[in-house]
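Data block below; observations after.
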Amino acid sequence: MNKHMANLKGFSLPLSPEGKANLLPPPPWHYSGDFMTIEYRADPDAVIALLPDELEPADDPGAVNLIFADWQSCSENGREITEPYYSQYKEVMFYVGAKYKGKPVCRCVYIWVDKDYAMLRGLVQGFPKKLGEVWMTRPTTVGKAGMRLEPGGIFAGTLSAGGRRLVDAKVTLKEITQNGPTVSDPPLHNSRHLPGIDGTEPAIYELVTFSGTDKEIGPIWYGDAEITLFDSPFDELKALEPKEMLGSYYHSFGYTFAGGKVLEQHKF
């Protein structure tokens, strides 16, 4: 803690005397969730245009991974579990492939989330999070009001932001597979960017990487997918419209984030 703030506590703002008011407690952060993932090819030039100078195009430069995730998360003491507002959230992510010093990596280029604490946690990790409204079909095990994880099960996801629909997606399950998504499989390389208070150069610009521990993956369902991306004056998703579908999946996933590594730090 900065010695000038010794009377104030907290991992993130707002700092307070007891430290309970901060929006985000410190890692490790534990995650458990359900994923609907669709891999496809977009215009390679549109994907390459989203890469920073530190990264090179992937061997399959147009490949994109669209993920709808319904998460439950908590910090080390688990107090969020009994306060469900602070543990449950949903998000939509667009990953692309790239290379760093010749080795395959992946990168999250767009992401929307529906809770403030999850947005801040992502910004700490270098995810370019924005607030949105995310909905997903939930699997059911009883009754007729939902879909089962079985052949023919249809799972859909929608994303809206700023009063505009941005994404419609749907996966129809076919069978369990031993293979899963590939675009988001290599190490994640995000950028932490904080604008300077004077509005000129960035105060922080870092290329960072991290990986989870204690990973668990449930049975992976393979299926057929449909995606529609909509235009918006405040987003650029239309450039990533699908040209070819590669695969779609539904599965559960859990891991723990305990920290990362700064690969490059730029001074301005």
Side-chain angles (χ1 to χ4, degrees), residues 31-43 47 60 62-73 84 87-97 106 108-115 118 132-161 164-186 212 214-231 235 237-238 240-255:
Y31 298 83
S32 301
D34 294 325
F35 274 33
M36 185 179 80
T37 303
I38 301 172
E39 291 194 325
Y40 66 92
R41 286 195 181 95
D43 179 354
V47 174
D60 189 352
V64 178
N65 190 329
L66 166 61
I67 302 173
F68 278 78
D70 187 353
W71 285 114
Q72 180 151 305
S73 68
S87 66
Q88 298 174 3
Y89 69 95
K90 298 183 290 294
E91 63 187 357
V92 176
M93 302 165 267
F94 284 81
Y95 281 76
V96 302
C106 70
C108 182
V109 293
Y110 294 126
I111 179 169
W112 287 261
V113 68
D114 62 3
K115 292 285 181 67
E133 187 174 340
V134 182
W135 295 100
M136 294 175 60
T137 304
R138 294 171 177 168
T140 59
T141 57
V142 296
K144 299 181 179 180
M147 288 288 173
R148 309 293 175 96
L149 291 174
E150 62 186 14
I154 300 174
F155 291 82
T158 64
L159 166 67
S160 301
R164 294 177 179 268
R165 180 66 64 90
L166 297 180
V167 181
D168 282 348
K170 183 188 299 182
V171 172
T172 302
L173 304 185
K174 296 174 67 175
E175 59 189 5
I176 291 179
T177 178
Q178 298 302 310
N179 302 313
T182 59
V183 175
S184 57
D185 189 50
D214 301 319
K215 292 183 179 180
E216 294 184 67
I217 300 176
I220 301 172
W221 282 88
Y222 178 81
D224 296 321
E226 302 173 26
I227 300 175
T228 303
L229 305 183
F230 299 92
D231 205 3
D235 294 289
L237 277 181
K238 287 288 283 184
L240 294 181
E241 281 188 314
K243 305 296 184 184
E244 177 187 0
M245 305 305 291
L246 298 177
S248 59
Y249 310 89
Y250 191 99
H251 65 90
S252 297
F253 176 64
Y255 79 104

Check your understanding: Are the side chain of Y249 and the backbone N or O of N179 linked by a donor-acceptor pair below 3.5 Å?
Key -> no

Exercise for review: Check whether any side-chain N or O of E39 sits under 3.5 Å from a backbone N or O of V183 as a donor-acceptor pair, and report yes or no.
Suggested key: yes

Check your understanding: What orientation do F155 and Y250 show, parallel under 30°, tilted 30 to 60°, or perpendicular over 60°?
Key -> tilted

Check your understanding: Relative to the ring of F253, is the ring of H251 parallel (under 30°), tilted (30 to 60°) or perpendicular (over 60°)?
Key -> perpendicular

Quiz question: by atom type and distance under 3.5 Å, do the side chains of [X] and [Y] form a donor-acceptor pair?
X: W221; Y: E175; answer: no
X: S252; Y: D34; answer: yes
X: T172; Y: D224; answer: no

Point to revise | Cationic N near anionic O, under 4.0 Å, K243 to D43 | key: no

Review point. Got a salt bridge between D231 and K238, using NZ or NE/NH1/NH2 to carboxylate O under 4.0 Å?
Key: no

**Study point:** Within-4.5 Å side-chain heavy-atom neighbours: V167 and F94
**Key:** yes

Check your understanding: Should I227 and L66 count as side-chain neighbours, where that means a heavy-atom distance under 4.5 Å?
Key -> yes

Table please: side-chain donor-acceptor pairs of residues 134-151 below 3.5 Å, with sequence neighbours left out.
| unit_1 | atom_1 | unit_2 | atom_2 | d |
| --- | --- | --- | --- | --- |
| W135 | NE1 | E133 | OE2 | 2.9 |
| T137 | OG1 | A156 | N | 3.0 |
| T137 | OG1 | A156 | O | 3.4 |
| T140 | OG1 | M147 | O | 3.4 |
| R148 | NH1 | T141 | O | 3.3 |
| R148 | NH2 | G143 | O | 2.8 |

Check your understanding: Nearest 0.5 Å, what's the CE-CD distance between M245 and E226?
Key -> 8.5 Å

Check your understanding: Is it the case that more than 12 heavy atoms not belonging to K90 sit under 6.0 Å from its NZ atom?
Key -> yes

Point to revise | Closest contact, heavy atoms only, Y31 versus S73 | key: CD2-CB, 3.9 Å

